[in-house]
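By convention here, the first residue in the shown sequence is residue 1.
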Amino acid sequence: MATLLYRLGRWCYGRRGLVVLVWLVLLGVLGGAAAAFSGPTSNEFRMPGTESQRAMDALETRFPEATQATGTVVIAAPQGERLTPERVAPIVREANAVPGVAAAVDPFQAKSVSPDGRYALVEVLFDGELPDITEEQRTAFEEITTGDHGSLRVEAGGEVVQEQHGMSATEAIGVAVAAIVLIITFGSLVAAGMTLVNALVGVGVGMAALYALTGVISLNNATPVLALMLGLAVGIDYSLFITSRYRQNLLDGLEAREAAGRAIGTAGSAVVFAGATVVIALAGLSVVGIPFLTAMGLAAAGTVAVAVLVALTLLPAVLAFTGTRILSRKQRTAGRSTKHGFGFRWGHLLTRLRLPVLLAGVLALGALALPVQDMRLALPDAGTAAEDSPQRQAYDLTSEGFGPGFNGRLITVVTGDTPAAAQAATQQTAQLIGEVDGVLSVAPPRFNEAGTTALVAVIPESGPSDAATEEVVHEIRDRVAGVEGAHLALTGATALGIDISEKLADALPVYLLLVVGLSILLLMLVFRSILVPVKAAAGFLLTVGATFGLTTAVFQQGHLASLVGVDTPGPLISFLPIILIGILFGLAMDYEVFLVSKMREDFVHGDPPRQATINGLGENARVVTAAALIMCSVFAGFVFTSDPIIKSIGFALAVGVFIDAFIVRMTLVPAVMSLFGRAAWWLPRWMDRALPNLDIEGENLRHSLNGSETVQKEHAGARH
């Protein structure tokens with residue numbers, strides 16, 4: 001692979017104008033496609049195979065009006081006053097006038113007024129389903145709250161009220177910090193700017209392609225932002241790794257085109273491996289069988305794949321335009337670097353104090369992982385949204401007037417072969433549900449025109465994401481399982497969220513085992529060792545445990561939550577752990593390859609194991625530190641968005657990268673490698689013969705190039 005990439009790097013370097021033009025044209029074409037064909041994203045979640053989703057699918061054919069999009073207008077009178085039909089009627093008329101609204105129900109007719117008369121709920125039914133609601137309809141519905149309602153407080157909520165998220169000023173802070181880190185690392189504005197622009201081109205291409213697909217593919221709100229977050233971080237890092245190797249090759253005296261070819265052949269091989277692991281792990285999310293998670297994983301994997309292609313092709317072409325300006329002024333005058341930097345001093349210290357370092361590191365990460373035992377997973381609801389958001393205002397006002405359970409209504413779908421069977425089963429079902437502890441009320445049933453399907457609305461006492469509501473859902477399903485003569489299913493947004501969370505929790509150990517097994521196999525191919533892959537997998541588990549623990553402590557338990565803008569602590573987003581495992585796996589293998597490949601290279605060339613470990617850390621500490629700081633900065637920039645999903649993902653990734661890069665890879669790994677000694681590189685002979693040689697370090701490439709140079713020298717001597 002290294003030889004192939006070496007040739008690719010030299011080709012792109014020699015045809016710099018053509019390569020840059022191709023990428024710019026591609027960016028323009030995809031950008032135009034995105035502008036022309038992009039569609040809206042949504043917060044809709046679907047879970048095929050679960051009881052709640054089967055019930056929703058059945059309603060689309062048996063009771064289609066029950067699947068139409070809904071909104072809720074919450075009205076509150078001042079303290080000491082009561083609502084009257086006359087005060088509420090103008091608001092109901094406003095709701096009925098919203099484009100696409102089929103009906104807005106008067107709360108006094110629907111008996112949706114609180115016992116004290118201060119609060120009322122106006123249920124608004126739209127003509128189409130949720131994905132069919134346009135931005136104009138959504139805006140018109142939310143504008144009900146801005147009218148002149150006297151002393152009444154009016155808030156708009158429900159499923160039609162969504163918050164769209166894109167690139168904002170807070171997220172751009174991460175890019176600015178990344179630029180500063182690049183300038184400090186390279187000591188050259190040219191090198192820093194080139195690396196950043198190269199990564200931004202890759203992100204632009206990937207995001208444009210993704211948005212062009214939103215016209216035909218339904219994506220969750222978090223999907224484009226996750227793809228942007230990951231594509232930007234790995235794009236900068238991959239360009240950083242290759243540019244650093246190119247600069248070192250120049251300092252070693254290589255001609256510029258040759259330096260670019262060898263940088264792509266060696267560092268580029270590691271980039272291909274790192275990118276492939278991220279892509280495989282993210283694409284592997286499809287095995288969970290959840291459509292929105294599959295789309296999320298594939299979208300993020302696509303941006304990573306584009307980042308790899310850009311680093312391998314556009315970067316060497318751009319390097320051809322920079323000349324020696326890619327080097328800092330100090331490097332142009334001083335020449336090669338020495339082996340007395342911080343990385344070498346840190347390596348000497350770690351190898352000397354390896355046992356205390358290992359003990360302290362493992363105990364510290366274990367302590368950080370302790371909150372994991374209390375981790376709860378749930379889909380987000382309006383109760384965790386930003387306090388000043390419309391959906392949160394409506395949620396809080398509903399809880400204040402009616403109780404938190406009104407924000408998480410459950411729907412029991414009763415289907416019989418005949419109207420009589422459906423009627424009898426519905427009465428029995430309503431009675432059984434009313435006896436369940438934690439149920440506040442059971443609404444009168446609502447039948448379809450044929451009388452064969454009924455909806456029974458259930459109001460729990462607790463909120464949508466409370467553990468008590470989860471118990472209520474399971475208890476209801478157990479109670480109604482014995483009802484005969486009809487098919488029963490419990491659904492609704494709350495029940496669907498519980499089903500998704502449970503399915504993801506069940507899939508998490510399997511996915512973690514798959515990822516760990518994959519890491520051992522891939523690293524065995526790369527390093528031709530048994531202990532190195534096992535050590536890398538163990539380090540990854542430490543990273544994951546500590547990251548889950550810290551995220552649980554902040555977002556669920558509320559420790560230091562105000563520092564990251566968490567208004568209301570609650571369960572973690574149900575797909576956060578599995579997404580986090582997929583992404584961190586690739587990034588962890590990234591740092592592992594860049595550090596350990598140099599250790600193996602020096603060991604193979606005759607250095608003692610301890611010195612090889614020090615060299616691997618010393619020569620790569622600066623670039624890995626810069627790469628980790630850049631990733632942390634990019635991810636941390638998303639922590640300050642208002643969306644709780646993006647906020648928690650950004651926080652978890654920033655913390656995970658920091659722990660993995662600085663504690664696991666740059667501290668525990670060198671200590672373990674020096675402890676293993678020569679045993680670290682042991683591999684049974686039969687396995688050595690069976691495994692293919694990926695040549696990530698470019699060893700075969702070096703032999704090939706050295707042989708060519710020798711032949712050229714011999715020919716030159718013969719001519720003389």
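The main-chain N or O of Val304 is never found under 3.5 Å from a side-chain atom of Tyr238 such that the two would form a donor-acceptor pair. Judged purely by atom type and a 3.5 angstrom limit, Thr303 uses its side chain to pair as donor or acceptor with the backbone of Ala300. Listed for the Gln68 side chain is a donor-acceptor partner under 3.5 Å among the backbone atoms of Phe126. In terms of modelled atom types and a separation under 3.5 Å, the side chain of Asp381 and the main chain of Pro464 share no donor-acceptor contact. A donor-acceptor pair under 3.5 Å is absent between the side-chain atoms of Lys535 and the main chain of Val669, judged by distance alone. In terms of modelled atom types and a separation under 3.5 Å, the side chain of Thr67 and the main chain of Phe63 share no donor-acceptor contact. In this structure, Asp132 contributes its side chain and Glu129 its backbone to a donor-acceptor pair below 3.5 Å. Remark: side-chain polar atoms of Ser648 are paired, donor with acceptor, to backbone N or O of Ile645 under 3.5 angstrom. Although no hydrogens or angles enter the test, the distance criterion places no donor-acceptor pair under 3.5 Å between the side chain of Asn198 and the main chain of Thr195. Between the Arg528 side chain and the Leu691 main chain, a donor and an acceptor come within less than 3.5 Å of each other.
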- Query: For Thr313 and Val22, what are the C-alpha separation, side-chain angles and deciding distance, and is it a side chain to side chain contact (heavy atoms under 4.5 Å, CB included)?
  - Reply: CA-CA 10 Å; Thr313 57; Val22 168; over 6 Å; no

- Pair Lys647-Phe638, side chain to side chain contact (heavy atoms under 4.5 Å, CB included): steps then yes or no: CA-CA 6 Å; Lys647 184 187 293 289; Phe638 290 83; over 6 Å; no

- Item | Pair Ile411-Met56, side chain to side chain contact (heavy atoms under 4.5 Å, CB included): steps then yes or no | CA-CA 10 Å; Ile411 303 295; Met56 295 296 293; over 6 Å; no

- Please assess Ile583 against Leu230 for the test side chain to side chain contact (heavy atoms under 4.5 Å, CB included), listing each intermediate value before the final yes or no. CA-CA 8 Å; Ile583 296 175; Leu230 189 56; 3.6 Å; yes

- Trace of the side-chain hydrogen bond (donor to acceptor under 3.5 Å, both in side chains) decision for Arg376 with Ser465: CA-CA 10 Å; Arg376 289 189 60 245; Ser465 60; 5.9 Å; no

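Side-chain atoms of Leu365 and Val664, non-hydrogen and from C-beta on, do get closer than 4.5 Å to each other. Looking at Leu377 and Glu502, their side chains never come closer than 4.5 Å, going by heavy atoms from C-beta outward. No side-chain heavy atom of Leu542 sits under 4.5 Å from any side-chain heavy atom of Asp660. In this structure the side chain of Val657 reaches within 4.5 angstrom of the side chain of Leu584, judged on heavy atoms. No side-chain heavy atom of Pro569 sits under 4.5 Å from any side-chain heavy atom of Gln557. Side-chain contact between Ile242 and Val271 is present, with at least one heavy-atom pair separated by less than 4.5 Å. You'll find the side chain of Leu508 reaches within 4.5 Å of the side chain of Ile581, heavy atoms only. At a threshold of 4.5 Å between non-hydrogen side-chain atoms, the residues Val516 and Leu541 count as touching.
Phe585 pairs by the ring-ring contact (aromatic ring centres under 6.0 Å, His included) definition with Phe540, not counting sequence neighbours.
Taking CG of Leu30 as the start and CG of Leu26 as the end, the distance is 4.5 Å to the nearest 0.5 Å. Here CG of Leu576 is found 10.5 Å from CZ of Phe651. Values are rounded to the nearest 0.5 Å. Between the CD atom in Gln556 and the CE atom in Met375 there is a gap of 8.0 Å [rounded to 0.5 Å]. With values rounded to the nearest 0.5 angstrom, Thr547 atom OG1 is found 9.0 Å from Leu653 atom CG. Here Thr469 contributes atom OG1 and Leu410 contributes atom CG; the two are 7.5 Å apart, rounded to the nearest 0.5 Å. Atom-to-atom distance recorded for Leu525:CG and Phe273:CZ is 8.0 Å, nearest 0.5 angstrom.
Between Phe292 and Phe575, the gap from one ring centroid to the other is short of 6.0 Å.
Contact detail for Glu51 and Leu488: the closest heavy-atom pair is OE2-O, 4.4 Å. Across all their heavy atoms, Ala178 and Ile630 have their closest contact at CB-CG2, 3.7 Å. Ala654 and Cys632 get closest at one heavy-atom pair: O-SG, 3.4 Å. Annotation for Phe527 and Val532: closest pair CD1-CG1, 3.7 Å, computed over non-hydrogen atoms. When all heavy atoms of Cys12 and Pro316 are compared, the closest pair comes out as CB-CG, 3.7 Å. Scanning all heavy atoms of the two residues, the minimum distance from Ala301 to Ala283 falls at CB-N, 4.4 Å.
Just one residue in the list Leu298, Thr294, Ile579 forms a side chain to side chain contact (heavy atoms under 4.5 Å, CB included) with Leu285, and that residue is Ile579.
Here Glu159 does not pair with Arg138 in a salt bridge; the nearest charged N to carboxylate O distance is not below 4.0 Å. Ion pairing between a basic and an acidic side chain is recognised when a charged N comes within 4.0 Å of a carboxylate O; Arg477 and Asp499 show such pairing.
Between the side chains of Arg54 and Thr491, no donor-acceptor pair of N or O atoms lies under 3.5 Å.
A 6.0 Å sphere centred on CZ of Phe658 holds no more than 12 heavy atoms belonging to other residues, nucleotides or ligands.
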